[in-house]
Enquirer: 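Would you mind keeping the following structure in view while I ask a few things?
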Amino acid sequence: MSEILASAYEPKNVEAHWRKHWEDEHVFTPDPQAPGEPYSIVIPPPNVTGALHIGHALNLTLIDVLIRHARQLGKNVLWVPGTDHAGIATQNVVERALARENLTRHDLGREAFVERVWGWREEYGHRILDQIASLGCSVDWTRLRFTMDEGLSRAVRRVFVKLYEEGLIYKGDYIINWCSRCHTALADDEVEHENVHGHLWQVRYHVLDSDTDIIIATTRPETIPGDTAICVHPEDSRYTHLIGKYAVLPVLGRKIPIIADSYVDREFGTGALKVTPCHDHNDWMLGKRHNLEFIQVIDENGIMKSESGPYVGLTKEECRKQIVHDLEERGDLVGVSDLDHAVGHCYRCHTVVEPHVSTQWFVATTKLAKEARDAVPNLTQILPETWQKTYYHWLDTIRDWCISRQIWWGHRIPAWTCQECGQILVAEEDPTVCTKCGSSKLLQEEDVLDTWFSSSLWPFSTMGWPDETLELRRWYPTSVLITGFDIIFFWVARMMMLGLHFMHEVPFKHVYLHALVRDAEGRKMSKSTGNVIDPVVMIEKYGCDALRFTLTAFAAMGRDIRLSEDRIEGYRHFINKLWNAARFTMLNLGGEAPTPCDLGIISGVHHEWILHRLEEAKQNVRKALADYRFNDAAQTCYKFLWAEFCDWYLELVKPDMQSQDAVRKNAAKYVLYTVMREFLILLHPITPFVTAEIWQAMPVVAGEDVPELAKAAYPNERPDCLKPAQAAKMEFLQGVIVAVRTIKAELGISPGKKVHLLLQPVGDEQTSLIKANENLILTLARLEDLQVVFDHAVPKASASAVVQGCQIVVPLKGTVDLAQELARLDKQLAKLEKNLINVNKHLNDPNFLQKASSEVVERDRKLATELLDNQAKLLNMRERFAKALEETD
RNA sequence: GGGCAGUUAGCUCAGUUGGUAGAGCACCGCCUUCACACGGCGGGGGUCGUAGGUUCAAGUCCUGUACUGCCCACCA
């Protein structure tokens, strides 16, 4: 398509073109029967209500990097895309829309409401998918799934029924977390604890048959009507004599027992605790343990029930005020103090969560949790490893999982109660008659399942389970799960539990938990703070590749990413640099692929050097990605392209391109061509669009069948191009060139001004190297001429430097300030001196000589001689220069 | 209360088995050099939070400590 062209890369059309091509041609749809080691990842399904945020962008970029890289390695690769129905979140969105029409879901009724949500999903649910595509994600769109599509719903039912039959799902009364706004139960981890400024009231309870009182401390006086005991520590001498007696509930006058339990903290408050089993998780536990009465006094709307006596009908907030007032009046309020304490909030709507006793469905987790725990780290490895502990801790202290939600959008619980005989039926297919009494009066449960229930099946439900599909056989377990650490409990641990239970195999071999993306100040990005960086806007402004490269470059393991727009802009420069390096390459190739030659025996130290570096880069990128060191992979690419290929090689190859020697010219072209092409492959997983565009504009050897870049194999290693010795020679030449440039810059000689250069190399190797590469030095150092000389021929008034023993001399004419050169030399000498002192500290230490490895000692010795030699030469030149100065004075 | 991270150049961060501190951005100076000013060349800048310990040698290992952040948790 495009010839290579504009001097600035324009991402928009390029991205649109490749995206369409990849989708239309099903480039990323694998064949389960195809050869190659299987490699699979399931997408962490974004909420169907969602819009792509920067966290998704990071997550998806990292997955795509691995996926594209795995394809390059010849694996049979599947990336399953999809979305999550997100029960509460989606229901909230639709309810808000209804509210604008002055309607509630109850006005519509369940069926119409659910239909409305489906409609909403049809209309808006594709936005996030479109955004995933715009990120360049190489997912297989033919295998797109949704947690409520037909297949996944079948999987959900199968799992529910099986677990029920195994006794791992049960229905029971339990104290759960109740959000009175969402009007549903919440699982423990859907509750966010936040410190809230509150009060601690001290209340007097009179002890029956005694003349003493007991003072308890509470943060929630409105629950006093629900008290069914007072609890003290069994060894608390202040209270031991009261254990077994009864106290009188203030205001209500009910009689409650005084019990003892070591759960009580003697240090806190008064050491005596009021127990309200229906309105506090711990009190619930105490109530169970001591067989206390359970009296619910607050209903699911936050209104006081009749059990609260005089407070019936008040909201819990009103009740608190009233009861405090009443206590005060009666003289039973002993004191009030300030207290900051943690209060649970709904993670969806941030309403204060009320512990509430109700009938719910639970998954018994003890057995499942143990299996999930034991699988790590042998079968599944969690990275960074530090999260392993967190994972263990959660599973070790896990409580049964409350899976019922009192909302309408979700998988309805497949359980029916017979209206005639009370029999509970749980079945995959909707039953028509009661299995016990034959009645057809069956009533299905109103509740739906926790969204995470279906998400927990994702790795196998998306592959067609419970059918035995080719996909499952080929790609389960998945290779790796990439997700944020914030859902390690919600999702990762539960996938482990259910995956192991139903597939008898872990759902993934690795779990890579990436960081959170924060703003430049380290704050969490949120709409309310107004500090969000919108990936869609960033793609629009800087191009997708710039965004992807930035995210990859910052994805160091175990660390949060502080992102700011500047950085994305900065990496756009890198993309542009690549673009221009490619333009240069194309221009010089002249639209034709060069004739291949044997790169292992190519002559020219610059060629050998860049080929050597390319081999290193190939190894580094591959190794980095195998270890999930994304930032290292990006860094390697950045450095290779900019600091080596562009800054040096492209300059070095220019003289070759001007050459009349056809063989030399072709060899240079072929190296240029090869390095560019292989580098495009290395970079492609990180920046797929720009690399694909350049790749396909590159000339091709006639008759050669070159695949598009997305299908190109990772370049083979070329061991005969690994030449550290040759690379070192290049480094010497670079040193000489830099030395001349530095002299010019520091002495205020215009860089364009051509100067004479005298070199006094040490040894034949340096001498011949310089002679062989004279043109190269002339060009890059911008010289008038270059001479290899000996001491006596060196003009006294010269600037000088030493590189690996080779003396570098630039004769100065009267135009420069000679004193500056003296200062410059002194600076160099000071540096040398410092290094020498350091090395000698080692070499003068007998312990070092004796105990350090011989390699290290040898290296230091060599270094010391080198430094000493350089110092001597520099000193010598300084002396002569000083003399010259005197003479001119 | 427990656990886990982080603390390295002005800023954001690398630093894989311990062997003379690195990058990008920012900054300073020079340069309209025929791929690129989204550029080129050169330069300045760090006693690696702090106190100890192990070692011939510590940013790197161990212990204590300070600060910041995160997670978990039943202090009513």
Side-chain angles (χ1 to χ4, degrees), chain A residues 4 7-9 189 193 200 216-220 223 231 263-265 267-276 280-283 285-286 339 341-342 384 386-387 389-390 393-394 397 485-486 488-489 516 518 520 522-524 542 546 553-554 556 558-564 566-567 569-588 623-624 627 629 631-632 635 638-639 642-643 646-647 650-651 654 738 741-746 748-752 779 782 834-835 837-839 841-842 845-853 855-857 859-860 863:
Chain A
I4 284 238
S7 69
Y9 171 59
D189 48 15
H193 291 273
L200 190 63
I216 60 90
T218 180
T219 54
R220 303 198 55 202
T223 63
C231 190
Y263 155 75
V264 175
D265 179 354
E267 308 299 317
F268 189 86
T270 59
L273 168 71
K274 73 183 202 58
V275 184
T276 320
D280 184 279
H281 292 282
N282 304 296
D283 293 5
M285 174 269 293
L286 286 173
L339 180 76
H341 61 137
T386 158
W387 287 104
K389 247 189 188 169
T390 311
H393 181 255
W394 189 75
T397 57
F485 60 76
D486 48 330
I488 182 169
F489 308 132
L516 227 58
R518 300 174 174 280
R523 295 171 305 182
K524 223 167 175 168
Y542 304 107
F554 280 99
R559 210 166 160 144
D560 283 351
I561 298 175
R562 292 194 183 193
L563 192 68
S564 70
D566 303 355
R567 301 191 209 300
E569 193 182 352
Y571 282 117
R572 180 183 58 166
H573 299 175
F574 173 73
I575 305 296
N576 196 58
K577 189 75 178 174
L578 170 66
W579 182 255
N580 279 289
R583 283 177 68 221
F584 174 87
T585 305
M586 305 295 186
L587 284 171
N588 282 288
K623 212 165 162 294
D627 297 342
R629 286 180 287 112
N631 57 325
D632 283 348
Q635 213 86 233
Y638 190 99
K639 207 174 163 190
W642 205 316
C646 290
D647 286 352
L650 294 188
E651 297 304 320
K654 280 175 183 173
V738 168
R741 286 173 179 169
T742 308
I743 286 170
K744 282 192 188 178
E746 294 197 335
I749 299 168
S750 163
T779 315
R782 300 186 148 240
K834 210 177 114 191
N835 289 344
I837 290 172
N838 273 331
V839 182
K841 226 187 287 173
H842 286 172
D845 182 352
N847 277 325
F848 173 76
L849 297 175
Q850 196 190 334
K851 294 185 179 168
S853 76
E855 279 169 30
V856 172
V857 174
R859 213 186 44 203
D860 273 7
L863 183 63

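Below, each value reflects all heavy atoms present in this structure, side chains not excepted, and no hydrogens, waters or symmetry copies. Every chain is numbered from 1 and lettered A, B, ... according to where its sequence line falls, protein lines coming before strand lines.
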Enquirer: Which value, in whole Å, describes the distance between the P atoms of nucleotides B:rG19 and B:rC48?
Expert: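 About 16 Å, rounded to a whole number of Å.
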
Enquirer: Treating a pair as Watson-Crick (purine N1 to pyrimidine N3 plus N6-O4 or O6-N4) or G-U wobble (N1-O2 and O6-N3) with both distances under 3.5 Å, list the stems of 3 or more consecutive pairs that involve RNA chain B.
Expert: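 Listed by first number, the stems are B:1-7 with B:66-72, B:10-13 with B:22-25, B:27-31 with B:39-43, B:49-53 with B:61-65.
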
Enquirer: If you measure from the C1' atom in B:rA21 to the same atom in B:rU32, how many Å do you get, rounded?
Expert: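 Approximately 38 Å lies between the C1' atom of B:rA21 and that of B:rU32.
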
Enquirer: Judged by each residue's nearest nucleotide on RNA chain B, which is more toward the 5′ side, A:Asn847 or A:Asn835?
Expert: A:Asn835

Enquirer: Sequence neighbours left out, what passes side chain to side chain donor-acceptor pair (under 3.5 Å) with A:Tyr542? Give chain and number order.
Expert: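 Side chain to side chain donor-acceptor pair (under 3.5 Å) check on A:Tyr542 returns A:Glu565.
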
Enquirer: Considering only the C1' atoms, how many Å lie between B:rG45 and B:rA9, rounded to the nearest integer?
Expert: 6 Å

Enquirer: Output all residues satisfying ring pair (Phe, Tyr, Trp, His ring centres under 6.0 Å) with A:Tyr571, sequence neighbours left out; order by chain, then residue number.
Expert: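 Applying ring pair (Phe, Tyr, Trp, His ring centres under 6.0 Å) to A:Tyr571 gives A:Phe549, A:Tyr638.
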
Enquirer: Listed by chain and number, what are the side chain to side chain donor-acceptor pair (under 3.5 Å) partners of A:Lys274, not counting sequence neighbours?
Expert: A:Thr223, A:Asp227, A:Thr276

Enquirer: Pick the C1' atom in B:rU54 and in B:rG18, then give their distance to the nearest Å.
Expert: 12 Å

Enquirer: Return whichever of A:Val839 or A:Ala553 has its heavy-atom-nearest nucleotide of RNA chain B closer to the 5' end.
Expert: A:Ala553

Enquirer: Using whole Å, report how far CG of A:Leu516 lies from P of B:rC13.
Expert: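 After rounding, the reported distance stands at 13 Å.
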
Enquirer: Sugar-phosphate atoms are those with a prime plus P, OP1 and OP2; base atoms are the rest. Using that split, label each nucleotide of nucleotides 30-43 of chain B B, S or - for protein heavy atoms under 4.0 Å, 5' to 3'.
Expert: S--B-BB-BSSSSS

Enquirer: With a cut-off of less than 4.0 Å, is there a side-chain N or O of A:Arg859 near OP1 or OP2 of B:rU20?
Expert: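 Answer is yes, contact under 4.0 Å.
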
Enquirer: Provide the distance between the two P atoms, one in B:rU7 and one in B:rA14, to the nearest whole Å.
Expert: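 Each nucleotide's P atom is 7 Å from the other's.
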
Enquirer: Using the salt bridge (charged side-chain N to carboxylate O under 4.0 Å, His left out) criterion, which residues pair with A:Arg782? Sequence neighbours excluded.
Expert: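 Not a single residue meets the salt bridge (charged side-chain N to carboxylate O under 4.0 Å, His left out) criterion with A:Arg782.
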
